[in-house]
**Student:** 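This is the structure, below, for whatever I ask next.
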Amino acid sequence: MYNVEEEKIIEQIKQLKKSKKAIILAHNYQLLEVQKVADFVGDSLQLAQKAKEVDADIIVFAGVLFMAETAKLLNPKVKVLLAKDGAGCPMADMIKPFQLQEFKVQHPDYQVVCYVNSSIEIKAESNVCVTSSNAVKIVESIDKDTPILFVPDQNLGNYTKMKTGRNIRVWDGMCPIHHFIFTVNDIDKMRKDYPNHKIIVHPECQLDVIKAADFAASTKGVADYVAEHDNIILGTEIGLVEALQYKYPEKSILPLSSMAVCIDMKKTQLIDILKTLENEANEITISPEIAKKAAVAIDRMLELSK
Ligand code: 13P
Ligand code: SF4
């Protein structure tokens with residue numbers, strides 16, 4: 001339930017959306033009240049696909065910077081606004097363009113696969129982009145003998161390497177939440193306490209955690225699994241756990257750890273959506289040169305995801 005103040009904000013957002021022909025896209029980790037005002041909520045791949053097809057003048061993106069950049073790239077005529085200035089993904093900043101350029105000069109035989117959680121400049125230096133829901137499929141489409149550099153997430157890279165058996169070298173980036181918070185001990189303890197629950201983790205967790213779980217899936221994969229099952233433990237950010245608990249109050253949906261909070265995903269409040277839309281603030285711009293190069297990696301991903 002919303003309080004009176006929130007009701008007022010929501011009403012103003014609705015009016016502005018209509019008058020400005022705007023839509024709100026939100027990631028699965030956003031605060032529940034933000035997810036509720038969004039026109040579409042999804043994982044990184046779904047949000048990119050949605051951004052490409054929407055007919056709107058403005059997209060307000062409730063998520064983190066790399067997601068809004070991807071939306072802008074895919075729908076350049078639309079004004080894309082990041083709902084909260086400064087909401088970024090720390091993993092995306094764990095590789096700098098000059099480092100990747102150096103690697104490419106030293107290893108010209110490598111194909112570079114970049115996780116969508118990366119800056120637009122990194123995408124511009126990569127051969128193909130992936131998300132957590134299509135990394136395995138896309139890597140499998142690359143010639144078997146080609147060595148691959150996977151950036152910036154070592155964990156999704158190692159998971160993809162395990163699943164495909166390909167010659168993959170991983171960058172040493174990681175998501176501070178999935179990498180450090182979830183442990184095999186958490187899994188062992190939850191299995192003991194809840195023997196009839198399945199444990200699903202995000203592939204940004206470390207490989208030993210992924211192996212100890214029942215399986216790994218993107219946030220959409222998690223939501224799809226929960227739709228079909230009743231007793232589940234989720235090793236992913238708490239926003240998704242709360243949204244699924246809200247959607248399915250009759251199910252037992254437990255967090256593997258309640259400390260898994262992505263501060264950046266939680267920066268966006270209802271009031272930020274209103275202010276951003278009102279002032280048309282935090283507009284995403286991408287230089288034409290970078291956009292042209294990054295579009296190659298992203299378009300290739302969308303094509304291979306069909
Ligand atoms: P998804 O693509 O699975 O939604 O993951 C995005 C993300 O940032 C996970 O931490
Ligand atoms: Fe980045 Fe991790 Fe937050 Fe996802 S949960 S946006 S990977 S810091």
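When a ligand or atom number is given, it counts from 1 through the structure's own listing order.
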**Student:** Please determine if Glu278 and Lys275 form a salt bridge, counting it only when a charged side-chain N lies under 4.0 Å from a carboxylate O.
**Tutor:**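 Looking at Glu278 and Lys275, the cut-off is met.
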**Student:** Applying side chain to side chain contact (heavy atoms under 4.5 Å, CB included) between Cys114 and each of Leu100, Ile122, Ile298, report the one that passes.
**Tutor:**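 It is Ile122, the one option of Leu100, Ile122, Ile298 that forms the side chain to side chain contact (heavy atoms under 4.5 Å, CB included) with Cys114.
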**Student:** Please check whether His27 reaches ligand 1 - meaning an N/O of the residue sits under 3.5 Å from an N/O of the ligand, judged on distance alone.
**Tutor:**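 It does: an N or O of His27 is found under 3.5 Å from an N or O of ligand 1.
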**Student:** Consider only side-chain N and O atoms of Asp186 and Ser257, and report whether a donor and an acceptor are under 3.5 Å apart.
**Tutor:**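 Judged by distance alone, the side chains do not pair up.
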**Student:** Tell me whether atom 3 (Fe) of ligand 2 has Cys175 as a neighbour, meaning an N, O or S atom of it below 2.8 Å.
**Tutor:**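 No, since none of the N, O or S atoms of Cys175 sits under 2.8 Å from atom 3 (Fe) of ligand 2.
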**Student:** Closer than 4.0 Å to some heavy atom of Asn117 - which atoms of ligand 1 meet that?
**Tutor:**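 Contacts of ligand 1 toward Asn117, numbered from 1: 7 (C), 8 (O).
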**Student:** Among protein heavy atoms, which sits nearest to atom 6 (C) of ligand 1, and what does the distance come to when rounded to 0.1 Å?
**Tutor:**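 It is Ser44 OG, 3.4 Å.
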**Student:** I'd like to know if the side chain of Glu102 reaches the main chain of Gln99, judged simply by a donor and an acceptor atom lying under 3.5 Å from each other, with no hydrogens or angles considered.
**Tutor:**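 Answer holds: no.
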**Student:** Taking 4.0 angstrom as the limit and counting only heavy atoms of His202, give me the atoms of ligand 1 inside it, by number and element.
**Tutor:**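 Under 4.0 Å from His202, ligand 1 has these atoms: 1 (P), 3 (O), 5 (O), 9 (C).
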**Student:** At less than 4.0 angstrom from any non-hydrogen atom of Ser218, what atoms of ligand 1 do you find?
**Tutor:**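 Once the distances to Ser218 are compared, the set is 3 (O).
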**Student:** Only heavy atoms of Ile177, strictly under 4.0 Å: list the atoms of ligand 2 that pass.
**Tutor:**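 Every atom of ligand 2 under 4.0 Å from some heavy atom of Ile177: 8 (S).
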**Student:** Suppose I only count heavy atoms of Tyr29 and a 4.0 Å limit; which atoms of ligand 2 are within that range?
**Tutor:**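 By the 4.0 Å cutoff, the relevant atoms are 5 (S).
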**Student:** Using a heavy-atom cut-off of under 4.0 Å, does the side chain or the backbone of Glu204 touch ligand 1, or both, or neither?
**Tutor:**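 Within the 4.0 Å criterion, Glu204 contacts ligand 1 through side-chain atoms alone.
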**Student:** For Ser132, counting its heavy atoms only, list the atoms of ligand 1 lying under 4.0 Å from any of them.
**Tutor:**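 Taking each heavy atom of Ser132 in turn, ligand 1 has 1 (P), 2 (O), 3 (O) under 4.0 Å.
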**Student:** Evaluate Ile24 against Ile13 for side chain to side chain contact (heavy atoms under 4.5 Å, CB included), listing each step before the verdict.
**Tutor:** CA-CA 10 Å; Ile24 301 170; Ile13 292 174; 3.7 Å; yes
**Student:** Hey, does His178 sit under 4.0 Å from ligand 1 if you only count heavy atoms?
**Tutor:**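 It does; at least one heavy atom falls under 4.0 Å.
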**Student:** Under 3.5 Å between any N/O of Asn28 and any N/O of ligand 1: does that happen in this structure?
**Tutor:**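 No, no N or O pair falls under 3.5 Å.
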**Student:** For a quick check under 3.5 Å, do Glu204 and Tyr115 share a side-chain donor-acceptor pair by atom type?
**Tutor:**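 The criterion, which ignores hydrogens and geometry beyond distance, is satisfied for Tyr115 and Glu204.
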**Student:** Would you name the heavy atoms of Met174 and Asp153 that are closest together and state the gap between them?
**Tutor:**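 Smallest heavy-atom distance, with atoms named: CA-OD1, 3.7 Å.
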**Student:** Closer than 4.0 Å to some heavy atom of Met91 - which atoms of ligand 2 meet that?
**Tutor:**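 Once the distances to Met91 are compared, the set is 7 (S).
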**Student:** Give a yes or no answer on whether the side chain of Lys267 reaches the backbone of Gly86 with a donor-acceptor pair at less than 3.5 Å.
**Tutor:**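 Confirmed, Lys267 side chain pairs with Gly86 backbone.
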**Student:** For ligand 1, note which part of Thr131 has a heavy atom under 4.0 Å away: side chain, backbone, both or neither.
**Tutor:**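 Contact part for Thr131 vs ligand 1: neither.
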**Student:** Check this for me, if you would: do Asp55 and Lys21 make a salt bridge, where the nitrogen-to-carboxylate-oxygen distance has to be below 4.0 angstrom?
**Tutor:**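 Lys21 and Asp55: salt-bridged.
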**Student:** Could you tell me the residue and atom name of the protein heavy atom closest to atom 8 (S) of ligand 2, and the distance to it rounded to 0.1 Å?
**Tutor:**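 Here the closest protein heavy atom is Pro90 CD, 3.4 Å.
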**Student:** Need the ligand 1 atom indices (1-based, order shown) with element for anything under 4.0 Å from a heavy-atom of Asp43.
**Tutor:**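 Answer, ordered by atom number: 1 (P), 2 (O), 4 (O).
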**Student:** Between Lys292 and Glu289, is the closest basic N to carboxylate O distance under 4.0 Å?
**Tutor:**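 Looking at Lys292 together with Glu289, the answer is no, because their closest N to O distance does not fall below 4.0 Å.
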**Student:** Which bit of Asp264 gets closer than 4.0 Å to ligand 2, counting heavy atoms only: side chain, backbone, both or neither?
**Tutor:**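 No part of Asp264 comes within reach of ligand 2.
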**Student:** Could you check whether any side-chain N or O of Ser252 sits under 3.5 Å from a backbone N or O of Asn231, counting only pairs where one atom can act as donor and the other as acceptor?
**Tutor:**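 Answer holds: no.
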**Student:** Using heavy-atom distances, let me know which of Gly173, Cys89, Ser44, Ala87 sits nearest atom 1 (Fe) of ligand 2.
**Tutor:**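 The nearest heavy atom belongs to Cys89.
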**Student:** So, Asp264 side chain and Gly88 main chain: donor-acceptor pair closer than 3.5 Å or not?
**Tutor:**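 Looks like yes, one N/O pair under 3.5 Å.
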**Student:** Closest by any non-hydrogen atom to atom 7 (S) of ligand 2: pick that one out of Glu237, Glu204, Met94.
**Tutor:**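 When every heavy atom of Glu237, Glu204, Met94 is considered, Glu204 comes closest to atom 7 (S) of ligand 2.
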**Student:** Which residue owns the protein heavy atom closest to atom 3 (Fe) of ligand 2, what's the atom, and how far is it?
**Tutor:**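 Residue, atom and distance for the closest contact: Cys262 SG, 2.4 Å.
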